[in-house]
There are 2 protein chains.
Amino acid sequence: MTSSADAEPATLLDAARSGDRSALARLLSKVERGGAEARSVSEVTHELVGRATTVGITGAPGAGKSTLTSSLVREMRSSDVAVGVLAIDPSSPFTGGAILGDRVRMDEHVLDDDVFIRSMATRGHLGGLSVAVPDAARVLDAVGMEWVLIETVGVGQVEVEIAGEADTTIVVVNPGWGDTVQANKAGLMEIADIFVVNKADRAGVDETVSDLERMLSLRSGSEWRPLVIRTIATEGVGASQLWEAIQQHGEWSRSSGEFERRRTVRREQELRRIVNSLMAARVEELASGEAWRRASDDIAALRLDPWAAANGLLD
Amino acid sequence: MTSSADAEPATLLDAARSGDRSALARLLSKVERGGAEARSVSEVTHELVGRATTVGITGAPGAGKSTLTSSLVREMRSSDVAVGVLAIDPSSPFTGGAILGDRVRMDEHVLDDDVFIRSMATRGHLGGLSVAVPDAARVLDAVGMEWVLIETVGVGQVEVEIAGEADTTIVVVNPGWGDTVQANKAGLMEIADIFVVNKADRAGVDETVSDLERMLSLRSGSEWRPLVIRTIATEGVGASQLWEAIQQHGEWSRSSGEFERRRTVRREQELRRIVNSLMAARVEELASGEAWRRASDDIAALRLDPWAAANGLLD
């Protein structure tokens, strides 16, 4: 019964820590559903978290993020570290941990017990991913994944935010001026610790690298000068340099205090988002209740003004 | 002391109702600042509201909305009705009821006691306008304005929402195919009760009108077939037809029940927004408190999980 659908989070966690992948998938589904279920998972994982390092990977659709992630996972596995991948797709109607669409490129890892790949979508709950992704990363951390890669499908606001809230953030672009301009517009210059110019066998790669270097030289306010790595992800070219760059950023980040600073900021943001999501749930509950209907009638009849009615509802 | 800066809302309201424009401006400033000040104004105005009819005017920047509004005000004044204008500019750093920028075109009305024009901006408070604009419209209603025109500067999401939540909504376009396509994209086809093709002395006006008619013929689900009016606002051409169209829509709306239906929906939305803004204010208050700091420390030390900490803060 370790991984039956209604198993307790504690039972599922024990099973997942012993290598039961279906138990792990069920824990992540609970996290994805939010609310009381997410809370029940958070209760059992929280004492085990804090060891995994997170890496955000973002960039425009078609930049080759998925293939790059796959080649990075292969490289990391040759260092024998356990890796979890969360593939964030806000617009996808599919969820449930299946290996979907682009995920198929990660097929080579499905038989590797120390790699776990999961697609996450919103289930229509705006902003839900901002709460669910850190929760899911904590689950992967608690079951012993040493690294958690968080890959976004596009560069929407929520996706950039999620990728930016990692210990190390990688921004993937392709050769061509348009890409770096778009990256700049989407706010990616600010969040990148490492730039990857993927499809580096294409024309214009040197110009793109120097464009990036020039833009980065204008960036101020940080001691870290983002690294620019060339890759051809389909052939695995550049993956070892990228893995080295990630470790290099990690060392700098830990020794400079940036690592701890970011984690503190992230904890604050997470707490605030969870408080806001609980508040929103309470408003929804209020809005379907009898008191709300009465308040609404009182406003219509000019017996109450909207502010007084709102205050009355909250008290 | 009727209109001194710290006067009570009740005192200001009495003064404003007797024609003191500076008292009216002060009431609107209180509304714009939100929170307790907005609430204090809402308390004194709410028994006097419900008589004014609101008209939303939206369309792309440069469509001539401001000039059109001015020529409409002139037309309405010839029917001797009292008119308030709220010009919504989410991005403007200027506030405070001054006649700014485009407002200069409304100069002709500044000496008319039965016209009051006010620019409103957000003061950086996202979504703040969605609460402040209906509050401000209620103030104008309470001081005796029979009509309140709510004119947006652009077609951003909040602006479209605000203009769409009026008793009658006017969408302004110019001759040229691009405009109607953009209007469609911005969700303006759905909210328009009346289309104005302004700058109707320009080439392409006939095509634009037939494009609109064709698009409107595809619209289903409403008994009201939006009117299409041609204007040359700079010369006042079409203003009387527009004023007639507004009254025609008003008659249909009242007799069909649409008027009351919209007002009910609006009251619900307003109540929800005010509840949300009060909730957000409570989260901000919480976040600056001692309990929040302790919760944050407990999460960092793994003594509490974020969900338990959030729940603890809310209880």
Side-chain angles (χ1 to χ4, degrees), chain A residues 31 34-50 131 134-135 138 142 260 263-264 266-284 286-287 292-293 295-315, chain B residues 31 34-50 131 134-135 138 142 260 263-264 266-284 286-287 292-293 295-315:
Chain A
V31 157
E37 289 200 80
R39 188 186 170 180
S40 69
V41 174
S42 183
E43 266 169 18
V44 297
T45 54
H46 88 274
E47 285 177 345
L48 299 164
V49 303
V131 171
D135 269 355
R138 266 195 300 273
E260 211 26 61
R263 292 209 160 182
T264 305
R266 237 153 67 200
R267 271 194 304 268
E268 276 299 306
Q269 283 164 331
E270 269 183 61
L271 180 58
R272 192 175 285 246
R273 285 190 195 128
I274 293 175
V275 166
N276 282 329
S277 81
L278 290 172
M279 284 280 201
R282 291 190 184 188
V283 172
E284 285 316 303
L286 262 179
W292 187 284
R293 207 190 49 69
S296 199
D297 290 347
D298 285 344
I299 298 170
L302 307 184
R303 282 188 298 267
L304 269 184
D305 72 278
W307 285 84
N311 260 298
L313 282 168
L314 290 186
D315 289 340
Chain B
V31 157
E37 288 200 81
R39 188 188 168 177
S40 69
V41 174
S42 182
E43 266 168 19
V44 298
T45 55
H46 89 274
E47 285 175 348
L48 299 165
V49 303
V131 171
D135 269 354
R138 266 195 299 274
E260 210 29 61
R263 290 207 164 184
T264 305
R266 236 153 67 199
R267 273 195 302 268
E268 276 298 306
Q269 283 165 332
E270 268 183 62
L271 180 58
R272 193 176 283 250
R273 285 191 195 127
I274 294 175
V275 166
N276 282 329
S277 82
L278 290 172
M279 283 281 201
R282 289 190 186 188
V283 173
E284 285 316 301
L286 262 179
W292 187 286
R293 207 189 49 68
S296 197
D297 290 347
D298 285 343
I299 298 170
L302 308 184
R303 283 188 296 266
L304 270 184
D305 72 278
W307 285 84
N311 260 299
L313 282 168
L314 290 185
D315 291 337

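Below, chain A is the first sequence line, B the second, and so on; all start at residue 1.
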Non-hydrogen atoms of chain B under 4.5 Å away: do they reach the side chain of A/R267, the backbone, both or neither?
side chain
Part of B/N311 within contact of chain A (heavy atom distance under 4.5 Å)
both
Just give me the residue among A/R282, A/E47, A/R303 that pairs up with chain B most often, heavy atom to heavy atom, under 4.5 Å.
A/R282
Let me know if B/R138 has heavy atoms under 4.5 Å from chain A in its side chain, its backbone, both or neither.
side chain
Would you say A/V41 and B/W307 make side-chain contact, with heavy atoms under 4.5 Å?
no
Side-chain touch A/R293/B/E268, heavy atoms, less than 4.5 angstrom:
no
With rounding to the nearest 0.5 Å, note down the distance linking CZ in A/R272 to CG in B/L313.
11.0 Å
Find the one option among A/L286, A/D135, A/L48, A/N276 whose heavy-atom pairs under 4.5 Å with chain B are most numerous.
A/D135
Under 4.5 Å from any heavy atom of chain A, what part of B/R39 do you find: side chain, backbone, both or neither?
both
Measure distances from A/L304 to the heavy atoms of chain B and classify the residue's part below 4.5 Å as side chain, backbone, both or neither.
backbone
Shorter than 4.5 Å, heavy atoms on both sides: which option in B/V283, B/T45, B/L302, B/L271 has the most such pairs with chain A?
B/L271
Using the rule given for side-chain contact (heavy atoms from CB on, under 4.5 Å), can you reason through A/E270 versus B/I299, listing the C-alpha separation, both sets of side-chain angles and the distance that settles it, and then say yes or no?
CA-CA 10 Å; A/E270 269 183 61; B/I299 298 170; over 6 Å; no
Count the heavy-atom pairs under 4.5 Å between each of A/A309, A/G50, A/A310, A/S42 and chain B, then report the option with the highest count.
A/S42
Chain B contact via A/V44 - which portion, at a heavy-atom distance below 4.5 Å
neither
For the candidates A/P134, A/A38, A/A280, which exhibits the highest count of non-hydrogen atom pairs separated by less than 4.5 Å from chain B?
A/A38
Select one option (side chain, backbone, both, neither) describing which atoms of B/L314 are under 4.5 Å from chain A's heavy atoms.
both
